[in-house]
There are 2 protein chains.
Amino acid sequence: MELSDIQTFAAVARTGGITRAAEELNTVQSNVTQRVKALEAEIGTPLFERHSRGMTLTGAGKRLLPYAQRMAALSREAVLAARDDGEPKGPLAIGSMETTAAVRLPPLLADFHRRFPAVRLSLRTATTADLVAGVLEGTLDGAFVAGPIAHADLTATSAFREELVLVSAQRWSSLAELRAGTPESGPTALVFRTGCTYRQRLEQVFVEFGWPSAARFELGTLDGMIGCVAADMGVTLLPRTVVERSAMNGSVSIHPLSTSHARVETLFIQRSAGHQYSALQGFAACLKTDDDVIAA
Amino acid sequence: MELSDIQTFAAVARTGGITRAAEELNTVQSNVTQRVKALEAEIGTPLFERHSRGMTLTGAGKRLLPYAQRMAALSREAVLAARDDGEPKGPLAIGSMETTAAVRLPPLLADFHRRFPAVRLSLRTATTADLVAGVLEGTLDGAFVAGPIAHADLTATSAFREELVLVSAQRWSSLAELRAGTPESGPTALVFRTGCTYRQRLEQVFVEFGWPSAARFELGTLDGMIGCVAADMGVTLLPRTVVERSAMNGSVSIHPLSTSHARVETLFIQRSAGHQYSALQGFAACLKTDDDVIAA
DNA sequence: GACTAGCATTCTCGAAAAATGAATTGTTGC
DNA sequence: GCAACAATTCATTTTTCGAGAATGCTAGTC
C-alpha cells in the first residue's frame, strides 16, 4: 500500500466518482480505477459500491477513510518537520477572515516579514467555517477566525477583540431613526457568504430587531459591502475598526450594539498535534508581541 | 513520497546501515541507497551522515523518524480497520510476561479460542519493558505486563492480582533460616533479563534484606529458573500461583513477603488511539468474564 | 422500447521507475 | 599495503504506472 493509492482512494471518496477524482488528480479514469482495484485487492474487501451515478463508500471504505486522511496529513507534516531546522523559513499558509485581513493583519505581517524574511507567507481569506476546515485538513498552517472555537485537535489563542457595529448609510444618524425609516420587514441585510460568523451574528441581531424576514444580499468583498452600505442599499455588521479605517468612513453611520452582540474575539487557531513548525512558531511569537502592544 | 520509501528509511535508521537494512527488507544495497537518496532529494536535506561504519541520522532524520514510525503503524492499522467488519477474525498478536503465560493464560486462551475460532492468535513472551514498546510501535495488539503503567497512548485494564513470594530450595523452611544459612552478602539472585519488573522487585527486596551486592545469575526461562532454585543455586521472586502449579512445587520452599513487596498487579494494555479492533475487543471481553470468575 | 448521456471498466502500448548485479570508491584495522 | 567492510555508481532487466481507445452498464428521455 502506497501513499499515492491512499490519496487516490481519498479523492474518489471525496468526489464520489472515478471521473471527478481523476480530474482532481490530473490523470485519467482508467488509472484511478486500477489504483482503487489494487487497493481493494490488497485489503481483500471492496471499498466502494459501484452504481451508475458514481461510487459510494462501503463499510470498509468508511473505516479506511479517516486513516487515509490522517496518513496524508502526516506525510505533509513529516516533510515540514524534517526540513525544519528551527530557523523559521519555507512556506507558511495563513488563513484569515476578510475583515481581520483588512485591518489587523497589515502591520502584523509587516512585522513578521521584517523578523523572518526567509518565510514565504501566503494568505488566504475565507469564512470561519472554511478556515477551520482548512487548518484541520492541513492546507492551512494557522488561521484567524471568529471565536469561540472548541475542537480537540485545534489550539486557539486570543488574537484580537473586536466591537461589532451596525453600519448604515450616512443619512441614518441613529438606530431609532433607521428603525423608523425602513419598511416593516427591515432594511436589506448585506452579508458575506454562508460560513461567516459575522453573518450569523447579523441574523441574530435582525431577529432581535423584529426583522427575521428582511431581504438578504450576498457580497463577496469587504469594499463592495461598505460601498453598498454607503449607497444605502442596506445595512451590515462589521468590526468598528474596519469601518473607521475604511475609505468610505465619512459616508456611513456607525450604530453601537449591546455588549452581547457587539463583542467578538478573533482567535488564532493551529493544529494541536504534532511537531511545532518553526515558521508557525515565529508567526505566533509576532502575534504575541503585537497582542501585548494592543493590550497595553 | 511513498510508504515504501518511508519504510526503507526507517529500516536504515533502525539497523544503522544500508547493508543491514537491505537484508531486512529482502533487497539489495544499491536499491536502498537509491531510495534513501530519492527521499533526501525530495525533502531537500540529508537524512543520514555517511561514515565508514554505516549511517547515522542527521537532525532532519531524527525529526523525520517518529513520523515514519507513526505512518508505518497507521498503514498497518488502516488495513486491519478496513477489513474489520465487527466480527472478530484475522490475526491478533498478544504479548505476555513469561509467568503470566505459564499460569493465567492457558484457560483464558482456551476460552477465547472457543468463542472466536476465526481469530489467529499469536503469543509472544518478553519482559514488561519490551512488551510496552511492542504495543506502542504496533507489533503487538495487546499485552499482559506488570503494573503500574502510565502512558498517554496506552489504555490499561487490571487483569490479575498476584502475590509475589520469595522462592528457595526445599531445605530452607523459613526466611530466618535462609538468612542465617547464607553468606553475609546473601544468596545468589536468579533473575530474568533486564526489563523484567519482577527483577526490579527482587533488587528492592535484596536491598531491604541487606544483600545489595549479592551475586546475580541471569536465566531465560521460567522452568530453568525454578529448576535452579530447586537445585539450591539461589533464590528468586515469582508469583505464588506460578510456583504452586509448577511441577517442581514439592522441591522448593515458598516465603511470603510484606504486602508492599508482594502485591503486584498484572495489567492488560492496548493502544488507546484509533479504531477498536474487533478481535482485540473480543479478547478484552474474554478477559473481563474470566476476571469476574477469578474475583468471585 | 430504442436512444443517449454519463460513468466505470478493460485492454494495449509506451514510458517511467524500481530492482538487480557487478564494478568502484573509500575507510578501517592489521 | 592488504584484507574486510560499507556505500555508491552504472548498465541492464523487470515491473509498474499512465494515456488513450474501446467496451459495458445503468438510468432517464422521447
Side-chain angles (χ1 to χ4, degrees), chain A residues 1-62 64-65 68 71-72 75 79 82, chain B residues 1-62 64-65 68 71-72 75 79 82:
Chain A
M1 180 169 54
E2 297 294 335
L3 267 177
S4 57
D5 298 338
I6 288 291
Q7 274 160 341
T8 309
F9 163 76
V12 175
R14 181 152 24 83
T15 60
I18 297 265
T19 311
R20 287 178 291 275
E23 206 169 315
E24 189 178 299
L25 297 167
N26 296 316
T27 180
V28 292
Q29 297 117 301
S30 58
N31 236 325
V32 178
T33 300
Q34 286 196 342
R35 302 289 78 230
V36 171
K37 277 190 67 180
L39 196 58
E40 288 179 326
E42 186 179 340
I43 292 178
T45 180
L47 298 170
F48 293 98
E49 269 159 18
R50 277 83 168 158
H51 41 76
S52 59
R53 283 266 165 273
M55 329 253 291
T56 52
L57 288 168
T58 61
K62 282 189 195 135
L64 183 62
L65 187 57
M71 286 169 71
S75 79
V79 175
Chain B
M1 180 171 53
E2 297 293 335
L3 266 178
S4 56
D5 298 336
I6 288 291
Q7 275 159 343
T8 308
F9 163 77
V12 175
R14 180 152 23 85
T15 60
I18 296 265
T19 311
R20 288 178 290 276
E23 204 168 318
E24 190 179 297
L25 298 166
N26 295 315
T27 181
V28 291
Q29 298 111 306
S30 55
N31 220 329
V32 178
T33 301
Q34 287 193 341
R35 300 294 69 233
V36 171
K37 280 188 65 179
L39 195 59
E40 288 179 325
E42 186 179 340
I43 292 179
T45 179
L47 298 170
F48 293 98
E49 269 158 16
R50 277 84 168 156
H51 41 77
S52 59
R53 282 270 164 269
M55 331 253 289
T56 53
L57 287 169
T58 61
K62 284 188 194 132
L64 183 61
L65 187 57
M71 285 169 73
S75 79
V79 175

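Sequence lines set the chain letters: A, B, ... in the order given, protein chains first and strands last, and positions in each chain run from 1. Since the model is a prediction, treat every value here as computed from it, not as a measurement.
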Undergrad: To the nearest 0.5 Å, what is the distance between CZ on R50(A) and OG1 on T58(A)?
TA: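 Going from CZ on R50(A) over to OG1 on T58(A), the span is 9.0 Å.
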
Undergrad: Which residue lies toward the 5' end of DNA chain C, I18(A) or R35(B), if each is placed at its nearest nucleotide?
TA: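 So the residue in question is I18(A).
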
Undergrad: Using chain B heavy atoms and a threshold of under 4.0 Å, write down where along DNA chain C the contacts begin and end, 5' to 3'.
TA: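 That gives a stretch of dA18(C) to dT28(C).
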
Undergrad: Closer than 4.0 Å, any side-chain N/O of K37(B) to the OP1 or OP2 of dA7(D)?
TA: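 Answer no for this pair, as no side-chain N or O of K37(B) is under 4.0 Å from OP1 or OP2.
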
Undergrad: Heavy-atom nearest nucleotide on DNA chain D for N26(A) versus T33(B): which residue maps closer to 5'?
TA: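 The residue mapped nearer the 5' terminus is T33(B).
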
Undergrad: Return the value, rounded to whole Å, for the distance between atom CD of E42(A) and atom P of dT16(D).
TA: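 From E42(A) CD to dT16(D) P: 12 Å.
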
Undergrad: Evaluate the side-chain proximity of V36(B) to L47(B): yes if any heavy-atom separation is below 4.5 Å, no if none is.
TA: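 With C-beta onward as the side chain, the pair stays apart.
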
Undergrad: Return yes if the base of dG20(D) and the side-chain atoms of S30(A) contain a donor-acceptor N/O pair under 3.5 Å, otherwise no.
TA: yes

Undergrad: Please give, in whole Å, the distance from dT9(D) C1' to Q34(B) CD?
TA: 9 Å

Undergrad: Determine: side-chain N/O of N31(A) to OP1/OP2 of dC17(D), distance under 4.0 Å, yes or no.
TA: no

Undergrad: For the pair made of CD in Q29(B) and C1' in dA4(D), what is the distance, rounded to whole Å?
TA: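 Taking CD of Q29(B) and C1' of dA4(D), I get 14 Å after rounding.
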
Undergrad: Figure out the CG/P separation between L3(A) and dC17(D), and round it to whole Å.
TA: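 Roughly 13 Å, once rounded to whole Å.
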
Undergrad: Test of understanding: with salt bridge (charged side-chain N to carboxylate O under 4.0 Å, His left out), list the residues that count as partners of E2(A), not counting sequence neighbours.
TA: none

Undergrad: For the CD1 atom of I6(A) and the CE atom of M1(A), what is their distance to the nearest 0.5 Å?
TA: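 One gets 4.5 Å once the value is rounded to the nearest 0.5 Å.
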
Undergrad: Output the distance between atom CE (M55(B)) and atom OG1 (T15(B)), rounded to the nearest 0.5 Å.
TA: 9.0 Å

Undergrad: Please check if the side chain of E40(B) supplies one atom and the backbone of F48(B) the other of a donor-acceptor pair under 3.5 Å.
TA: yes

